[in-house]
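For reference, the structure is listed below as structure tokens.
In what follows, every heavy atom counts, from backbone to side chain, and hydrogens, waters and symmetry copies are set aside. Here is how names work: the chains are called A, B, and so on, in the same order as the sequence lines, proteins then strands, and each is numbered from 1.
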2 protein chains.
Amino acid sequence: MALNYETQLSARNLFEELQIPKRYLMRLLTDLSKSGFIKATRGRSGGYVFARSLDTIYFSEIIDSVEGLLSFEGCVLGSTVCPVDKPCAMHQIWEKPKQTFLETLKTTTLADLRSGKNIRLQ
Amino acid sequence: MALNYETQLSARNLFEELQIPKRYLMRLLTDLSKSGFIKATRGRSGGYVFARSLDTIYFSEIIDSVEGLLSFEGCVLGSTVCPVDKPCAMHQIWEKPKQTFLETLKTTTLADLRSGKNIRLQ
DNA sequence: ATTAAATAATACCTGAAAGTATTAATTTAT
DNA sequence: ATAAATTAATACTTTCAGGTATTATTTAAT
Ligand code: FES
Ligand code: FES
């Protein structure tokens, strides 16, 4: 969607480009709509447009609304029995890649997807 | 195990330290044994020891034997419909964190787990 | 008004990974 | 020899994210 952010797109439009099951796609869109990333217009000639400017939508925010960012902040494997103050031996090993990943999420916006114009929508 | 690499440990020993279901743990140990990372000794006073020196066992190797490294080399999300030569718009975004992650896996050995001596086995 | 085209809500299905259960095989201590 | 303590093999169950199915609601074109 970000590659065509100006135009309102229906689930049908998106389905024709994307290789995601149509019905599943619709459920995702509904979720994104509830989360306030996109704005839904019902009825004939309806569809979805972004609710906000692309360069204000960070990947971290999207992921956070879908599954929660917490999963990335503690143990990479999502372990809950590993105490934060006395983590297991592996903890520090993952620290660096985890930070890099989090940093990418927190500094990348949907607008950044558009910079590589030669890359086709898949 | 790496924190006590010298001593042979039985599944019971490990279970007392780890917070993993005992039976599941045993299956994992059997798998690791088949993969050749640890050496199993059956019978009374049996158990597991590392089959090789800790500093020759890279995380990448372990993960590779368990689920295959390929999952990290292409699309981070594991998409197979995203062609390598013309990847989707998100591809380049993940490139950096993915490389960092892979690098960590490929340069870290089990011996590195021991460097932080003050970290307790969890 | 009616119909077509869209989103919304909600309940259901499925396949693979995580976890369990059971039984067999192996070794050592007594 | 027997029993105890271990790993091995294998089949089963559970869980949950990914995906389906169905029906309701909304809007605009005719
Ligand atoms: S179990 Fe993941 S950091 Fe300890
Ligand atoms: S879908 Fe993951 S890189 Fe294209």
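- Between the side chain of B:Arg52 and the backbone N or O of B:Phe37 there is no donor-acceptor pair closer than 3.5 Å.
- Aromatic pair B:Phe101/B:Trp94: centroids not less than 6.0 angstrom apart.
- One finds a side-chain N or O of B:Arg23 lying less than 4.0 angstrom from the OP1 or OP2 phosphate oxygen of C:dA21.
- Between A:Arg12 atom CZ and C:dA6 atom C1' the separation is 9 Å, expressed in whole Å.
- Here C:dA6 presents its P atom at 15 Å from CD1 of A:Ile38, a figure rounded to the nearest Å.
- A:Thr7 and A:Asn4 share no donor-acceptor pair across their side chains, judged by distance under 3.5 Å alone.
- Rounded to whole Å, the distance from CE on A:Met26 to C1' on D:dT22 is 13 Å.
- Close to C:dA9, at under 4.0 Å from its OP1 or OP2, lies no side-chain N or O of A:Thr30.
- Side-chain atoms of A:Arg44 lie closest to D:dT27 of the nucleotides D:dG18, D:dT27, D:dA5.
- Remark: A:Thr41 is not in phosphate contact with C:dT7, judged by side-chain N or O atoms under 4.0 Å from OP1 or OP2.
- To the nearest angstrom, P of C:dC13 lies 19 Å from OH of A:Tyr24.
- The pair A:Glu95-A:Lys98 meets the salt-bridge criterion, with a side-chain N (NZ, NE, NH1 or NH2) lying under 4.0 Å from an Asp/Glu carboxylate O.
- Taking atom CZ of residue B:Arg42 and atom P of nucleotide C:dA25, one finds them 9 Å apart after rounding to whole Å.
- The side chain of A:Pro21 has D:dG19 as its nearest neighbour among D:dA9, C:dA4, D:dG19.
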